Amino acid sequence: MLNCLGRLEYRGYDSCGVAVSSSGIEVYKDVVRVEALKKALPRVSGTVGIGHTRWATHGEPSQVNAHPHCDCHGSIAVVHNGIINNFQRLKRQLISEGHNFVSETDTEVIPHLIEKYYHGNLEEAVEAALHDVEGSYAIIATRAGEPKLVAARKDSPLIIGIGDRENFIASDVPAILDYTDRVIYLEDGDIGVVTSDTIKIRSDGIEVTRGEHKILWSVEDAQKAGYEHFMLKEIHEQPKVIRDTLGEYAQATEPVVDLEVMRDEGIESMLILACGTSYHAALVGKYIVEELLRIPVRAEIASEFNYYPQTLARTAAIVITQSGETADTLKAIGRLKEVGCRVVAITNVVGSSASRIADQTIYTRAGPEISVAATKSFVAQLMVLYWLALSYSKAGVRRLESLSMGLRQLPSKVQQVLDDEDIIREYADYLSGYEDVFFIGRGINFPVALEGALKLKEISYIHAEGYAAGELKHGPFALLGSDTPVIAIVAQDSTYEAMLTNIKEVKARGSPVIALAGEGDEAIGELADSVITVPQVDALFSPVVNTVVLQLLAYYTAKQRGCSIDFPRNLAKSVTVE
Ligand code: F6R
């Protein structure tokens, strides 16, 4: 169980805990990582157990707030992902009925509710408890003396792994890959009752069958393969990820996903929704689609989109989410469907919630991304967007042929960047001494500036801002000076001259400038303090090579500063709360 938990740590890691159930329940939890818990645990015995790694939402990371949580008598234990919106009211009610609470968490109401409704049958008690609960959850409950686990989900992922005389329940596949590749995805409203040799699933009180899936990744895919960090391994996998994602789609003779919405003559615009790094892919997608399809595209942050009335007539909607579980993005899909939009999801996780609620799904073939900072999934998302736009493009035959050729060359161009990582490492050593960094770009490389800044801030904790190069003079100039380096992303496109002017302006304010520029760009060498040369590609593909440089820059800067690269502070891999 601890091994499984270790593999899920990227989902949250501010504290962790386990409960082992036999005739009684023993709970061990603390504000530590799984490795430390493993060392501190006494010998415990039992054949049923639950465990959890936490990403705090209600109550600070502390021993009492860590999961599992128990009822008054310590005979029912529960782990929970998600948020119980009405927990304050439920807690007041339960306290008035004599229940004692010890933590500040929303989760603790669940074991108490189960205790309240328990009349000899755990699954019935769980079902009754969940009737009272509003919000999102994936829970597993166990009760002393009952050799089974009861699991339930709503808006938060949960899978069952089918083993050999043992079964598993987990929130994500890597947890169980050491033991089995046979998986059942629970659906919203399902209650699963799992023993070592039986699995029963009920929905609305009726027994249901959910299909079994074979997981195609191996354990090795979810391990570091000799790299010091998952992030570095995942950055290095990108040539393969590009090949795999394009191989799946671009080389198919028929479109793998029939995007009726894009064929439909009535479609006049496109909306792409996402969060974080996936939102930056959406922004790059806006430039790609506008250039190749000549329709206006809005790229929006899902959490913003969710709170305003929308006019979406004749709009094709795409959502991008690596995990397929980001709460804000899932809510956005719901809203889009409510107003009658057909939604295409681009996701990396087969069977994820996004893939189940969207009308169509296009999978990126990035393989499991464990490092909290997204890298290869971003590049895979771009590949899908290039492929989509090229398949439906109105550009001339020669331009299309040249772009197809450019796409096929991308793996070797990215490999070229990786082969030169020692040069990038030197710049990272230099950057690691600063506390503020600006990233600037224009056009299709403006989102790359945002992504470069996001990567740097989230793993090295250096304050970094991504800006449209032309915007610096509208305020941020006040922050420039010798202690604020500026990374300028320069592409050989219509923005080139304007970018050179912006670099001159920055230099005049005393900031050191590191430019990313294509091979053979001599003008830039005379302006910038130093230049990181990137392989020559069509400007439309420049976000790919430039982003890989910035990923390495962030990685080595964080390494130089001794940061926890795969597990940055306060973050989690999938953000399943709004
Ligand atoms: C940053 C990062 C996050 C995610 C964001 C959306 O490195 O990983 O910003 O991109 O939380 O996650 P998904 O793509 O799973 O919806």
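None of the values given here were measured: they were computed from a predicted structure. Start at 1 and go down the list; that is how both ligands and their atoms are numbered.
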Return the residue, atom name and 0.1 Å-rounded distance of the protein heavy atom closest to atom 3 (C) of ligand 1. Thr277 N, 4.0 Å
At less than 4.0 angstrom from any non-hydrogen atom of Lys455, what atoms of ligand 1 do you find? 1 (C), 7 (O)
Atoms in ligand 1 with a heavy atom of Ser278 nearer than 4.0 Å: 10 (O), 13 (P), 14 (O)
Close-contact set for ligand 1 against Ala373 heavy atoms, below 4.0 Å: 7 (O)
Please write down residue, atom name and distance for the protein heavy atom closest to atom 5 (C) of ligand 1. Cys275 O, 3.7 Å
Minimum-distance protein heavy atom relative to atom 12 (O) of ligand 1: Thr326 OG1, 3.4 Å
Is the NZ or CZ atom of Arg335 positioned over Phe305's six-membered ring, under 6.0 angstrom from the centre and within 45° of the axis? yes
Tell me whether the count of non-hydrogen atoms from other residues, nucleotides or ligands lying under 6.0 Å of NZ in Lys240 goes above 12. no
Does a side-chain heavy-atom distance below 4.5 Å link Pro368 with Val173? no
Between Asp359 and Lys337, is there a side-chain heavy-atom distance shorter than 4.5 Å? yes
Please identify which atoms of ligand 1 are closer than 4.0 Å to at least one heavy atom of Gln322. 13 (P), 14 (O), 15 (O), 16 (O)
4.0 Å heavy-atom contact, Thr375 with ligand 1: no
Would you kindly check if the NZ (Lys) or CZ (Arg) of Arg569 is within the cone defined by 45 degrees around the ring axis of Tyr461 and under 6.0 Å from the six-membered ring centre? yes
Report the nearest protein non-hydrogen atom to atom 11 (O) of ligand 1: residue, atom name, distance rounded to 0.1 Å. Val575 CG2, 4.1 Å
Decide whether an N or O pair under 3.5 Å exists between Gly324 and ligand 1. no
of all protein heavy atoms, closest to atom 15 (O) of ligand 1 is Ser323 OG, 2.6 Å
Any Val379 side-chain heavy atom under 4.5 Å of Ile242 side chain: yes
Is the closest N or O pair between Leu454 and ligand 1 shorter than 3.5 Å? no
Does Tyr185 have Arg210 sitting over its ring (NZ/CZ under 6.0 Å from centre, angle to axis within 45°)? no
Side-chain donor/acceptor of Lys286 to backbone N/O of Val297, under 3.5 Å: yes
NZ/NE/NH1/NH2 to OD/OE distance under 4.0 Å, Arg298 and Glu300: yes
Heavy-atom distance to atom 1 (C) of ligand 1: which of Glu458, Glu325, Gln381 wins? Glu458
